[in-house]
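Below is one structure, written out as structure tokens, with a few remarks after it.
Each residue takes its place number in the sequence, starting with 1. Side-chain atoms are counted along with the backbone in the values below, which use heavy atoms only and exclude waters and symmetry mates.
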Amino acid sequence: MTLQLALFILVLSIILMDMLVLMLFRADRLDTNSVEDWPMVSVLVPMRNEAKNVEGLVKSLLKLDYPKEKIEILIGQDRSTDETPNLLRKYVQLDARITVIDITEDLQNLKAKANVIGQLIPHCIGDYYFITDADVRVPPGWLKALLYQNPEKAGVIGGTTVVTVKDFWSGLQQVDWLFAQGMLYVAGKIFQVVAVSGTNMMITRKCCERFGGYQNIPYSL
């Protein structure tokens, strides 16, 4: 058997396993049409030197299809040295749902994004924490789509993020990224572990408090 044929069989087997798991395991879902009183939610975004992404992200967040009085947007401004702070101040003045919190130090055991999220959570008033990144553009139905998956039972819910295709290489990156997310889902179902992408996830307040919050997570890259 040639190496190329062996690789082809391996990839095909993994794809078939993906499809099988998707068919066998279906999440319990809520009927969004029956929801009359949506819960209070908190959207958390870490930012550090993201001047080129501030406008795109914030505009997508402000277009979310969700009751305005039931959503808060907390942005952790993590010691940026570019125009990120000035741009964020502009949007804070435009919409009362946006709060910018300056991150000036690292919590014990936490670095980078985990450190920012760990310091934003104590400010949250929502019962559900939605986490994404500055370079992500969330669709209008993002919040409802994740809540639709019955988070009270799962505790942690992950969504699928796609890469914008601009050329051949970004197209390959999109395929690679989708494949990786598919494998996370498969591994989670087979081995009963939780693995979701930090660019597109939701965790309930109850679940976060149960494991002691981000500050109790051991340091990792």
Side-chain angles (χ1 to χ4, degrees), residues 41-66 68 70-126 128-143 145-146 158-178 180-181 196-203 213-215 217 219-221:
V41 302
S42 302
V43 177
L44 312 178
V45 186
M47 279 198 185
R48 187 172 192 175
N49 294 332
E50 294 285 358
K52 65 180 181 181
N53 286 314
V54 170
E55 182 176 7
L57 171 73
V58 173
K59 284 186 175 180
S60 71
L61 292 175
L62 296 181
K63 292 179 181 178
L64 285 168
D65 176 23
Y66 204 80
K68 290 186 176 182
K70 294 293 185 71
I71 177 176
E72 64 169 353
I73 300 170
L74 302 181
I75 299 177
Q77 199 289 104
D78 188 17
R79 293 160 281 190
S80 296
T81 56
D82 64 359
E83 284 299 305
T84 297
N86 294 331
L87 293 171
L88 289 175
R89 279 194 287 269
K90 179 184 74 172
Y91 283 104
V92 168
Q93 295 172 355
L94 293 177
D95 199 297
R97 292 174 294 174
I98 302 175
T99 300
V100 176
I101 297 174
D102 289 322
I103 307 299
T104 59
E105 59 184 1
D106 292 337
L107 295 179
Q108 185 178 5
N109 298 326
L110 298 183
K111 297 291 183 181
K113 181 176 180 177
N115 176 60
V116 177
I117 299 300
Q119 295 190 52
L120 289 180
I121 285 179
H123 297 275
C124 294
I125 60 175
Y128 302 88
Y129 308 146
F130 288 79
I131 301 173
T132 189
D133 285 346
D135 60 349
V136 174
R137 306 294 175 260
V138 300
W142 180 48
L143 301 179
L146 294 190
T160 301
T161 306
V162 298
V163 175
T164 300
V165 177
K166 297 179 179 180
D167 51 32
F168 175 76
W169 298 110
S170 59
L172 290 180
Q173 186 182 23
Q174 183 191 60
V175 173
D176 178 63
W177 184 232
L178 288 173
Q181 290 180 100
V196 298
S197 168
T199 63
N200 187 344
M201 65 174 288
M202 187 226 66
I203 181 170
Y214 267 67
Q215 62 270 26
I217 299 175
Y219 174 71
S220 75
L221 294 177

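Here S42 contributes atom OG and Y128 contributes atom OH; the two are 12.0 Å apart, rounded to the nearest 0.5 Å. Atom CD of E83 sits about 9.0 Å away from atom CZ of R89, to the nearest 0.5 Å. Taking CD1 of I125 as the reference point, atom OG1 of T99 lies at 8.5 Å (rounded to 0.5 Å). Atom CG of L62 sits about 9.0 Å away from atom CG of L57, to the nearest 0.5 Å. Here the CD-CD1 distance, from Q93 to I98, works out to 11.0 Å after rounding to the nearest 0.5 Å. Taking CD of Q174 as the reference point, atom OG1 of T164 lies at 8.0 Å (rounded to 0.5 Å).
The two atoms that bring A134 and V45 nearest to each other are N-CG1, 4.0 Å, heavy atoms only. Residues S170 and V163 come closest through the heavy atom pair O-CG1, 4.0 Å. Minimum heavy-atom separation, P46 to V116: CB-CG1, 3.6 Å. Here the shortest heavy-atom pairing between K68 and R97 reads O-CD, 3.4 Å. When all heavy atoms of V41 and Y66 are compared, the closest pair comes out as CG1-OH, 3.5 Å. W142 and I131 get closest at one heavy-atom pair: CZ2-O, 3.9 Å.
Within the 3.5 Å criterion, the main-chain N or O of T81 finds a donor-acceptor partner in the side chain of N49.
For the residue pair N200/T160, the side-chain donor-acceptor check at 3.5 Å is not satisfied.
Of the listed residues (N53, V100, V54, D78), just one forms a side chain to side chain contact (heavy atoms under 4.5 Å, CB included) with T84, and that residue is V54. A side chain to side chain contact (heavy atoms under 4.5 Å, CB included) with I121 is found for one member of I203, L74, L44 and no other, namely L44.
For residues 132-142, the set of pairs meeting the salt bridge (charged side-chain N to carboxylate O under 4.0 Å, His left out) definition, not counting sequence neighbours, comprises K113-D133.
Under the 4.5 Å side-chain criterion, counting only non-hydrogen atoms from C-beta, V43 is in contact with L143. Side-chain contact check for E50 versus S80: every heavy-atom pair is 4.5 Å or farther apart. Contact check for I101 versus Q119: no side-chain heavy atoms found under the 4.5 Å cut-off.
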Requested in this report: Output, in order, the C-alpha distance, side-chain angles, deciding distance and verdict of side-chain contact (heavy atoms from CB on, under 4.5 Å) for L88 and Q77.
Outcome: CA-CA 9 Å; L88 289 175; Q77 199 289 104; 3.9 Å; yes

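Counting non-hydrogen atoms of other residues, nucleotides and ligands closer than 6.0 Å to NZ of K70 gives a total above 12.
For T199, the side-chain hydrogen bond (donor to acceptor under 3.5 Å, both in side chains) criterion is met by T161, S197, not counting sequence neighbours.
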